[in-house]
Amino acid sequence: MSNLATLLLATLPLAAGWLAHVRWLRHCLNTARRDPLTGLRTRDGFTRRATALLRDPRAVVVLADVDRFKHINDTFGHAAGDALLRATADRLAHHVGRTGVAGRLGGDEFAAVLLDDGTAADTLAVLHAVLARPVDGQDPAVRTTVSLGWVRAADFPGEQLPALLRRADEAMYAAKQSRTGARRAGIGRLFATLAGRRAGRHGARTDSPVGAVPA
């Protein structure tokens, strides 16, 4: 046997071990980017995929917030609240499909980026209805609506994901206040905020003038 063949045979176990280690590290990284309750991407994992999708001119950024979630938790218990979050996540991910991405930003707040060919308003109206369905296997009263705010990235060329999420957040808050279900972010400047929080949320500035965003 030649020296080269001997060397190759000697390095095979090392190469196999390194490949297994790389796969293990990749698995750990993917697990860390998944929310353990819902299976959706965490903020970091969502941000990576969403940023890539924003290169597509069809990209639409959606922010979703479960209405009356505290009431569900307080009335039916945390197990029912968790079931509601899992159902919301499953339905959102199914609706977004393989071409988009959905993530849980924290608590009862979810985000998504989907690719749309001009029917986003109709798509999100259907999504709003889907998210309001009762949770399978739970008391029929364990249900609520989900307020949606959305923004078409092409309306704000040059803006990155954080700014688009803030616009979607403001539209979502307006939808929640008016109980309209879903609202598109208007053309205008963002409300003055601190650390990306919209006016009215914890951490938002209240001492600065704000610019109105049309409904």
Arg68 and Thr145: CA distance, side-chain angles, deciding distance, side-chain contact (heavy atoms from CB on, under 4.5 Å) verdict: CA-CA 8 Å; Arg68 302 188 307 112; Thr145 55; over 6 Å; no

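Evaluation of the side-chain hydrogen bond (donor to acceptor under 3.5 Å, both in side chains) rule for Ser147 yields Asp67 as partners, not counting sequence neighbours. Arg104 pairs by the side-chain hydrogen bond (donor to acceptor under 3.5 Å, both in side chains) definition with Asp35, not counting sequence neighbours. Remark: Ala111 engages Phe46, Leu63, Leu105, Leu165 in a side chain to side chain contact (heavy atoms under 4.5 Å, CB included) (not counting sequence neighbours). Taking the side-chain hydrogen bond (donor to acceptor under 3.5 Å, both in side chains) definition, one finds that Asp56 meets it with Arg58, sequence neighbours left out. Residues satisfying the salt bridge (charged side-chain N to carboxylate O under 4.0 Å, His left out) criterion with Arg91, sequence neighbours excluded, are absent altogether.
Counting all heavy atoms, side chain and backbone alike, Ala102 lies closest to Ala93 at CB-CA, 4.2 Å. Of all non-hydrogen atoms in Ser178 and Ala174, the two that sit nearest each other are OG-O, 2.8 Å. Contact between Ala120 and Trp150 at its shortest, heavy atoms only, is CB-CZ3, 3.7 Å. Listed here is the closest heavy atom pair of Thr123 and His95: O-NE2, 3.3 Å. When all heavy atoms of Gly81 and Asn73 are compared, the pair lying nearest together is CA-OD1, 3.4 Å.
Side-chain contact between Asp82 and Arg86 is present, with heavy atoms from C-beta onward closer than 4.5 Å. Looking only at side-chain heavy atoms (C-beta outward), Arg183 and Thr180 come within less than 4.5 Å of each other. Residues Glu109 and Asp169 are in side-chain contact: their nearest non-hydrogen atoms beyond the backbone lie under 4.5 Å apart. Residues Asp155 and Arg184 are in side-chain contact: their nearest non-hydrogen atoms beyond the backbone lie under 4.5 Å apart.
The pair Asp108-Lys70 fails the salt-bridge criterion, with no side-chain N (NZ, NE, NH1 or NH2) lying under 4.0 Å from an Asp/Glu carboxylate O. A salt bridge between Arg48 and Asp44 is present, with a side-chain N of the basic residue lying under 4.0 Å from a carboxylate O of the acidic one.
Leu85 and Val96 fall within a single hydrophobic cluster, where Ile, Leu, Val, Met, Phe, Trp and Tyr side chains are chained together by heavy-atom contacts under 4.5 Å. Cluster annotation: Leu164 is not connected to Leu114 through the hydrophobic network of ILVMFWY side chains, with a link wherever side-chain heavy atoms come within less than 4.5 Å. Tyr173 and Val60 fall into different hydrophobic clusters, where Ile, Leu, Val, Met, Phe, Trp and Tyr are joined by side-chain heavy atoms under 4.5 Å apart, directly or via other members. Under the 4.5 Å side-chain contact rule for hydrophobic residues, Leu84 and Phe110 share a cluster. If you chain together hydrophobic residues whose side chains sit under 4.5 Å apart, Leu124 and Leu54 never meet in one group.
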In a table with atom names and distances, give each donor-acceptor pair under 3.5 Å that connects a side chain of residues 125-139 to protein atoms at least two apart or in another chain.
{"residue": "His128", "atom": "NE2", "partner": "Val146", "partner atom": "O", "Å": "3.4"}
{"residue": "Asp139", "atom": "OD1", "partner": "Ala141", "partner atom": "N", "Å": "2.8"}

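Panel note: side chain Arg34, backbone Leu40; no donor-acceptor pair is recorded below 3.5 Å.
Shown are Thr99, Val61, Leu161, Val113; of these, the side chain to side chain contact (heavy atoms under 4.5 Å, CB included) with Leu53 is made only by Val113.
Heavy-atom contacts from other residues, nucleotides or ligands closer than 6.0 Å to NE2 of His71 number more than 12.
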